[in-house]
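Each remark here refers to the structure printed beneath this line.
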Amino acid sequence: MIDEKRLEDLKEEALKEIRGAQDEKGLEAARVKFLGRKGELTQVLKSIAKLPPELKPVIGRLANQIKRELEAALKEAQAELKRRKEAFLPGVDLTLPGRPYLLGKLHPITQVMQEICEIFLRMGFSIATGPEIELDYYNFEALNIPPDHPARDMQATFYVDEKVVLRTHTSPIQIRTMEREKPPLRIIAPGKVYRCDSDVTHTPMFHQIEGLMVDREVSFADLKGILTLFAQETFGEKTRVRFRPSYFPFTEPSVEMDISCVICDGDGCRVCGHTGWLEILGAGMVHPNVFRSVGYDPEEWVGFAFGLGVERIAMLKFGIDDIRLFYENHLRFLEQF
Ligand code: DAH
C-alpha cells in the first residue's frame with residue numbers, strides 16, 4: 001500500500017534521474033519512467049481510488065504536489081540542457097540536418113577529351129598545345145590556305161583584326177609544333193576552337209583534337225590502322241569504319257572517316273540519315289606545301305594528319321541530340337556523366 005514515505009522516496013528517485021539526465025533522450029526516458037502513461041507516479045495516482053477514505057485526501061494531495069514538482073524539474077532540466085548546448089556552440093542548433101556537400105565531376109567534354117588523348121598516348125603520341133588567339137598565318141596561310149582561297153569560307157572565322165583570328169581549328173598547332181621540333185614526331189593537340197556558328201549541332205566554341213605523325217616512311221595504311229584502332233577503342237570493338245575521299249587544303253590525298261552508326265549498327269536510322277554511317281573525322285597525308293612552310297623537306301619526310309570534333313563524338317557516345325546542352329550548365333544534365 002502507498003504511504004507518504006513511499007511517495008517521498010519515489011520523488012527523490014525521480015528528481016535524481018531528471019537532474020542527472022545527460023541529454024534530451026535521457027530526459028525523455030526519465031519522464032516516461034515516472035510521468036508517462038504507465039509511469040510510476042501515474043500508477044500511484046490511479047491507485048488512490050482504491051485507498052481507504054481517510055487516506056485519500058492526504059495521499060492524493062501529496063501525489064499531485066509531487067507530480068507538479070517533477071514537471072517543474074523536467075522543465076528546468078530541459079532549459080539547462082539547452083543552455084549547455086548554446087554555451088558550447090552559441091547560436092548553432094546541432095539538431096538541424098547538415099548541408100550536403102556535392103562532389104564535383106569532370107565535364108563530359110573533358111572526360112571524352114581525356115579518354116581520346118589516352119588512346120593516342122598509349123600509341124606513343126605526345127600532347128602539344130597552342131594559342132586560341134592565333135595569327136592568320138598559322139590558322140590559314142601556313143596550312144596552304146592563301147588569302148583568297150575558297151576554303152576560308154568553309155569556316156566562319158572570328159577576326160580579332162586583319163592578321164589575328166580566334167583559331168577555327170587545331171590544325172595551326174601542327175605548324176607551331178613542326179617549327180619547334182625536328183622530325184620524326186607524333187603528336188595530338190586537344191583544344192578549344194571558335195567559329196561563328198550556332199544551332200543544334202554547332203556552338204561558337206567547341207573542341208577539337210588534332211593529330212600529326214611525321215616520319216620517313218609513314219603511309220596511308222598507317223593512317224587507316226591508327227584511326228581504325230582509335231574508332232574501335234572509342235566506340236567499341238565491333239565498330240566498322242570507312243574512308244571517303246574528301247578535300248582539305250593541308251592534306252593530299254584527303255579523306256573523311258565514317259564509323260558504323262552507333263545507334264542502328266549500320267541498318268539505317270534517323271541519327272545516321274538512313275545511311276548506316278556517321279562521319280567522325282577528317283584526315284589525310286600532309287601536303288608538301290605544309291612541310292615547305294615549316295622548313296621540312298617534302299622529299300625526305302612524309303606524314304599524316306587528322307582532326308576530330310570532340311562534341312560530336314561525345315554526342316554520339318552519350319546519345320545526346322543537342323550540342324547546346326553541354327554549355328547550359330544545368331546540373332541535372334551534367335550530373336549524369
Ligand atoms: N582542320 C579540319 C577542320 O577543322 C579538320 C582536319 C581535316 C584536320 C583533315 C586535319 C586533317 O589535320 O588532315 O575541319
Side-chain angles (χ1 to χ4, degrees), residues 113 116-117 120 125 127-132 134-145 149-158 165-179 185-197 201-215 218-228 230-231 241-259 278-291 293-294 296 298 301-313 323:
M113 194 134 73
I116 295 173
C117 284
F120 285 104
F125 286 70
I127 290 182
T129 55
E132 290 171 30
E134 184 57 284
L135 289 170
D136 181 286
Y137 173 78
Y138 287 104
N139 196 79
F140 294 121
E141 244 168 277
L143 286 162
N144 198 32
I145 315 175
H149 197 286
R152 289 201 177 207
D153 296 342
M154 284 162 62
Q155 308 175 350
T157 310
F158 284 116
V165 301
L166 299 188
R167 70 179 177 203
T168 59
H169 51 181
T170 42
S171 303
I173 303 171
Q174 290 187 33
I175 306 297
R176 287 182 174 273
T177 308
M178 288 190 284
E179 276 186 351
L185 54 86
R186 222 178 328 176
I187 55 132
I188 45 164
K192 291 182 164 66
V193 300
Y194 301 85
R195 290 183 201 178
C196 190
D197 217 349
T201 51
H202 298 88
T203 44
M205 182 284 297
F206 61 103
H207 297 79
Q208 286 190 336
I209 296 177
E210 192 80 11
L212 174 68
M213 177 166 176
V214 180
D215 210 327
V218 177
S219 71
F220 204 88
D222 295 317
L223 178 160
K224 287 176 80 174
I226 283 177
L227 293 179
T228 302
F230 152 73
V241 299
R242 73 174 183 186
F243 294 84
R244 281 179 292 104
S246 184
Y247 172 77
F248 299 102
F250 30 89
T251 45
E252 181 60 36
S254 302
V255 290
E256 282 175 312
M257 183 174 88
D258 296 342
I259 57 167
L278 297 162
E279 184 225 312
I280 63 158
L281 58 79
M285 302 306 291
V286 178
H287 196 291
N289 284 350
V290 173
F291 280 147
S293 72
V294 297
Y296 285 11
W301 301 101
V302 274
F304 70 79
F306 59 89
L308 56 88
V310 180
E311 277 78 357
R312 176 160 169 81
I313 288 182
I323 191 174

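Throughout, residue positions are numbered sequentially from 1 according to the sequence presented. Numbering of ligands and ligand atoms starts at 1, following listing order.
When non-hydrogen atoms are compared, ligand 1 lies under 4.0 Å from neither the backbone nor the side chain of E256. Looking at A283 against ligand 1, only its backbone comes within 4.0 Å, counting heavy atoms.
None of F250, F206, F248 except one satisfies the ring pair (Phe, Tyr, Trp, His ring centres under 6.0 Å) rule with H169; the exception is F250.
Considering only heavy atoms from C-beta on, L281 comes within 4.5 Å of L227 through its side chain. By the 4.5 Å heavy-atom criterion applied to side chains, F158 and V165 are not counted as neighbours. Side-chain contact check for Y296 versus V286: every heavy-atom pair is 4.5 Å or farther apart. Side-chain contact check for D136 versus R152: some heavy-atom pair is nearer than 4.5 Å.
Using 4.0 Å as the threshold, F304 has no heavy atom nearer than that to any atom of ligand 1.
Take F125 and apply the ring-ring contact (aromatic ring centres under 6.0 Å, His included) test, not counting sequence neighbours, and it matches F120. With sequence neighbours excluded, no residue forms a ring-ring contact (aromatic ring centres under 6.0 Å, His included) with H207.
Below 4.0 Å from some heavy atom of G307 lie the following atoms of ligand 1, by number and element: 6 (C), 8 (C), 10 (C), 12 (O). Residue contact check: Q174 has heavy atoms under 4.0 Å from atoms 12 (O) of ligand 1. Listed by number with element, the atoms of ligand 1 under 4.0 angstrom from any heavy atom of G284 are 13 (O). Close approach of ligand 1 to S171 (heavy-atom distance below 4.0 Å) involves ligand atoms 1 (N), 8 (C). Atoms of ligand 1 found under 4.0 Å from any heavy atom of A305 (numbered from 1 in listed order, with element): 12 (O), 13 (O). Less than 4.0 angstrom separates some heavy atom of Q208 from each of these atoms of ligand 1: 3 (C), 4 (O). Every atom of ligand 1 with a heavy atom of F248 under 4.0 Å away is listed here by number and element: 7 (C), 9 (C).
The N/O atoms of T168, backbone and side chain alike, include none that comes under 3.5 Å of an N/O atom in ligand 1. Between G211 and ligand 1, no N or O atom pair is found at a separation short of 3.5 Å.
When atom types are taken as modelled, the side chain of E210 and the backbone of S171 share a donor-acceptor pair closer than 3.5 angstrom.
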